[in-house]
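The structure appears right after this line, and notes come after that.
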Amino acid sequence: MQKRKSYPSLVYGIPISILLVLGLRIIWNPWADEKELEYGQFLHLLDTPTVVWQDVVVRDAEIQGKIRFQQADPHVPTGLELNKTYPFVVTRPPGNEDFSLFDRLKKSLPTFQVKRGRSTFGWIISILYFVVAALAVVALFLYFGLGNRSLAFGKSRHRVFSRASTITFKDVAGIDEAKHELSQVVDFLKNRDRYTRLGARIPRGVLLVGPPGTGKTLLALSVAGEADVPFLSISGSEFVEMYVGVGASRVRDLFRDAGRQAPCIVFIDELDALGRSRGGAAHTAHQEREQTLNQLLVEMDGFDANQGIFIIAATNRPEVLDTALLRPGRFDRTVVVDRPDVDGREQILQVHTQKIQLDSSVNLRKVANLTPGLAGADLANIVNEAALLAAKRNANSVTMTDMNEAIERGAIGLERKSRIMLFEEKQRIAVHEAGHALVACALPDSDLVHKVSIIPRGLAGGYVLQRPENDRLIIRQKELEARIQVALGGTIAEELTFQELSSGATADLQHATQLAEQMVREYGMSKLGRIYYAAPGTRFLESTPESGPQLSEATLREIDMEIRRILQDALEQVRTLLETSHETLTLVTERLITKEVLEDKELFELLYGSGFPLSDKVRTRMQLSGMLKQVDNG
């Protein structure tokens with residue numbers, strides 16, 4: 001990364017030079033040890049024969065010279081050594097009403113001088129101090145204001161990456177569609193004449209939209225690396241200050257610098273901090289932000305895209321952006337950088353494991369299957385956590401066990417094996433998690449269970465790890481109902497076993513209620529019909545905020561009653577299932593208390609052997625893995 005501007009070394013050397021001059025002035029000062037004598041004390045010393053005087057000069061307001069004491073005397077100032085010469089100064093009384101002074105001087109001193117005015121050295125010292133003080137103020141302002149720019153509020157704080165960028169498209173994986181779209185930008189920057197000779201106008205900017213951690217910044221940097229052009233990077237929040245006009249000045253400074261370095265790419269991260277929709281209260285902060293946004297709109301209209309300035313911005317909140325930013329001629333294209341699918345996750349894992357020593361047991365495809373919905377940053381963190389775990393064991397390579405532990409750490413939290421649980425508490429948690437597992441294995445539309453554990457992890461006392469078989473963009477009503485039933489399986493299992501409830505089902509009840517509310521309010525999956533009842537707000541990838549329907553009290557009551565009906569139906573179905581499988585519930589509970597962790601293979605074999613009604617999805621999984629043959633042979 002290179003600096004935007006270079007200033008002459010003189011600017012940086014002035015403060016250092018001034019400090020050196022002041023230091024030398026303090027160190028080398030012939031009057032640094034000058035002793036100030038009182039006027040009466042001076043007159044008494046004139047009559048003392050053991051005092052030796054040298055270079056005495058009498059002026060209008062003071063008397064200067066050198067003095068040496070040969071013997072001790074009560075009028076000798078404290079701290080002075082005998083037979084050592086000291087410079088002295090005496091302030092004369094106002095009005096010079098000391099007529100006998102010259103007679104006493106003539107009597108005590110063989111030679112002395114009389115001069116008018118102030119000493120030349122004193123004038124020089126005064127002028128020098130004034131000049132040094134003025135230079136110091138100017139130099140420090142230049143040094144801090146221009147050099148470090150901490151006082152240069154109006155200067156843009158962008159960072160410039162040189163053309164020798166080592167990040168290219170090969171370092172970006174899992175978002176092939178976005179890479180293909182931005183490859184045209186690279187062609188624009190490299191072969192502008194191909195487009196301009198036909199009269200085409202090169203797009204001015206691209207807006208990258210996607211959830212956090214999907215690689216928007218990395219993708220923008222790779223475009224600069226592929227095109228081999230400078231990369232000017234700045235965050236939207238760096239334009240906003242408490243001082244009015246500062247943000248607009250920084251926008252102008254940014255585009256001036258971009259014009260000097262064209263062809264180049266200007267990258268604005270977190271655009272929503274700068275480009276929020278205008279309007280609202282006339283508050284100073286809003287006025288400053290709106291002025292900054294207005295200046296950005298003007299600058300994007302003012303430069304010629306054919307000059308080679310290309311703007312890439314990134315945000316994960318496009319719904320709050322001002323519509324003027326998204327019109328053609330500013331951000332001409334919007335590229336969605338979404339979470340990767342299973343193939344994309346595998347490619348991302350391959351990129352992040354290039355420098356990791358992997359064991360032969362590591363199957364990146366399986367890791368990709370176990371991490372649905374995770375973004376590139378999440379996958380990079382999983383690989384790093386697995387490497388840290390292997391290093392902690394002093395191992396030579398990362399194993400699949402390390403990968404699985406890293407996945408669970410990211411999904412649920414760290415294990416808390418040191419937490420001591422009472423047997424009653426451990427038994428209740430085992431019953432709770434066994435209830436979740438049984439319901440999940442019985443419902444045909446539920447995700448497969450990969451692990452059941454009663455080891456505390458994160459904030460949970462236990463957990464059931466479920467993963468979908470495939471990535472899905474939509475969720476069916478049966479799948480939502482299955483998720484609600486699985487969430488309620490734990491509390492029903494506790495109720496049937498202990499005939500009382502506990503506080504451990506709070507998160508499950510919250511999750512189930514939220515799903516039921518979404519079914520009624522947003523998805524139209526209820527008896528109220530295909531009507532959208534969602535509360536006011538904004539939704540992802542929508543440019544304008546929702547106004548939200550105005551609901552009457554009667555409608556709100558019907559919504560509440562429908563949510564309660566969905567939850568009640570799910571409770572009855574789960575209770576019926578667990579009541580008919582009470583022996584299997586007890587069997588899984590006892591195995592969990594003994595082993596604390598059940599993998600999917602052991603759980604399926606245990607349920608199959610007890611005659612539990614497994615879903616077709618679980619049976620298919622057992623057939624594919626050969627578990628059914630092993631159980632039947634056993």
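In this chain, numbering begins with 1 at the start of the sequence shown.
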Between atom CD1 of Ile455 and atom CD of Glu433, what is the distance when rounded to the nearest 0.5 Å? 12.0 Å

Is the backbone of Arg476 close enough, under 3.5 Å, to the side chain of Glu479 for a donor and an acceptor to pair up by distance? yes

Hey, what do you get for CD1 (Ile492) to CG (Leu571), rounding to the nearest 0.5 Å? 4.5 Å

If you take all heavy atoms of Leu321 and Ser277, which pair is closest and at what distance? O-OG, 3.2 Å

Evaluate the side-chain proximity of Leu488 to Leu509: yes if any heavy-atom separation is below 4.5 Å, no if none is. yes

If every non-hydrogen atom of Ser397 is compared with every non-hydrogen atom of Ala390, which pair is closest and at what distance? O-CB, 3.7 Å

Under 3.5 Å, is there a donor on one side chain and an acceptor on the other for Gln477 and Glu481? yes

Quick one, Glu319 with Asp272, criterion side chain to side chain contact (heavy atoms under 4.5 Å, CB included). Give me CA distance, side-chain angles, the key distance, then yes/no. CA-CA 9 Å; Glu319 69 277 2; Asp272 50 276; over 6 Å; no

When rounded to the nearest 0.5 Å, the distance separating OG1 of Thr576 from CD of Glu579 is 6.0 Å

With sequence neighbours excluded, tell me which residues meet side-chain contact (heavy atoms from CB on, under 4.5 Å) with Thr586. His582, Glu590

Distance-only, no hydrogens or angles: does the Glu226 side chain make a donor-acceptor pair with backbone N or O of Phe169 under 3.5 Å? yes

Flag yes if more than 12 heavy atoms outside Arg393 fall under 6.0 Å of its CZ atom; otherwise flag no. yes

Rounded to the nearest 0.5 angstrom, the CG-CD1 distance for Leu219 and Ile312 is 7.5 Å

Is there a donor in the side chain of Gln518 and an acceptor in the side chain of Gln514, or the other way round, less than 3.5 Å apart? no

Worked check of side chain to side chain contact (heavy atoms under 4.5 Å, CB included) between Val486 and Leu443: CA-CA 9 Å; Val486 172; Leu443 298 179; 4.3 Å; yes

Are Arg521 and Ile559 packed together at the side-chain level, in the sense that at least one heavy-atom pair is separated by less than 4.5 angstrom? yes

Treating Asp341 as the side-chain partner and Gly344 as the backbone partner, does any N or O pair qualify as donor plus acceptor under 3.5 Å? yes

Between Phe498 and Arg428, is there a cation-pi geometry (under 6.0 Å to ring centre, at most 45° from the normal)? yes

Applying side-chain contact (heavy atoms from CB on, under 4.5 Å) to Leu614 and not counting sequence neighbours gives Cys441, Leu607, Tyr608, Phe612, Val618, Arg619, Met622

The reported gap from CG in Leu274 to CG in Asp322 (rounded to nearest 0.5 angstrom) is 10.0 Å

Using the side-chain contact (heavy atoms from CB on, under 4.5 Å) criterion, which residues pair with Lys392? Sequence neighbours excluded. none

Rounded to the nearest 0.5 Å, what separation is found between the CG atom of Leu551 and the CZ atom of Arg557? 15.5 Å

Can a donor-acceptor pair be found between the side chains of Asn404 and Thr401 at a distance below 3.5 Å? no

Would you mind checking if Arg409 and Glu405 are paired as a salt bridge, meaning a charged N to carboxylate O distance below 4.0 Å? yes

Exam field: side chain Thr353 to backbone Ile356, donor-acceptor pair closer than 3.5 Å: no

Keeping the roles fixed (side chain from Glu562, backbone from Lys527), state whether a donor-acceptor pair exists under 3.5 Å. yes

What pairs with Glu181 under side-chain hydrogen bond (donor to acceptor under 3.5 Å, both in side chains), at least two apart in sequence or on another chain? Arg333

N/O donor-acceptor pair under 3.5 Å between Lys216 side chain and Pro211 backbone: yes

Does some side-chain heavy atom of Asp600 sit less than 4.5 Å from a side-chain heavy atom of Leu448? no

Under 3.5 Å, is there a donor on one side chain and an acceptor on the other for Thr506 and Ser503? no

pair Val398-Leu358: side-chain heavy atoms closer than 4.5 Å: yes

Residues forming a side-chain hydrogen bond (donor to acceptor under 3.5 Å, both in side chains) with Glu177, sequence neighbours excluded: none

Which pair of heavy atoms, one from Pro372 and one from Pro468, lies closest together, and at what distance? CG-CD, 3.6 Å

Run the side chain to side chain contact (heavy atoms under 4.5 Å, CB included) test on Ile348 and His352 for me, step by step, so that the C-alpha distance in whole Å, both residues' side-chain angles and the decisive distance to 0.1 Å come before the verdict. CA-CA 6 Å; Ile348 293 173; His352 289 298; 3.3 Å; yes

Check whether more than 12 heavy atoms from other residues, nucleotides or ligands sit under 6.0 Å from atom CD of Glu572, and answer yes or no. yes

Pairwise side-chain contact, Ile531 with Leu528, heavy-atom cut-off 4.5 Å (strictly under): no

Asp378 with Arg339: basic N within carboxylate O range, under 4.0 Å: no

Backbone N or O of Asp447 within a donor-acceptor pair of the Gln466 side chain at under 3.5 Å? yes

Before giving the answer on side chain to side chain contact (heavy atoms under 4.5 Å, CB included), spell out for Arg621 and Lys617 the whole-Å C-alpha distance, their side-chain angles and the decisive distance to 0.1 Å. CA-CA 6 Å; Arg621 174 69 178 275; Lys617 185 183 295 185; over 6 Å; no

Tell me if the CZ atom of Arg564 is crowded by more than 12 foreign heavy atoms within 6.0 Å. no

side-chain contact (heavy atoms from CB on, under 4.5 Å), paired with Thr589, selected from Leu587, Ile593, Leu592: Ile593

When you compare the side chain of Leu577 with that of Gln485, does any pair of heavy atoms fall below 4.5 Å? no

Atom of Gly174, atom of Pro340 and distance for their closest heavy-atom approach: O-CB, 3.6 Å

Do Ser610 and Thr584 have side-chain atoms, one donor and one acceptor, less than 3.5 Å apart? yes

Least distance between heavy atoms, Arg345 atom then Leu374 atom: CD-O, 4.1 Å

Please check if the side chain of Thr497 supplies one atom and the backbone of Glu494 the other of a donor-acceptor pair under 3.5 Å. no

Going by side-chain contact (heavy atoms from CB on, under 4.5 Å), name the residues that satisfy it together with Gln350, two or more places apart in sequence or in a different chain. Glu346, Leu364

I want to check something: taking the side chain as every heavy atom from C-beta on, are Ile407 and Arg467 in contact at a cut-off of under 4.5 Å? yes

Under 3.5 Å: donor-acceptor pair, side chain of Asn369, backbone of Arg365: yes

Considering all heavy atoms, the nearest His436-Ala487 contact: CE1-O, 3.2 Å

Check: Thr214 side chain, Val337 main-chain N or O, donor-acceptor pair, under 3.5 Å: yes

Is Met519 close to Ser526 at the side-chain level, that is, under 4.5 Å between some pair of heavy atoms? no

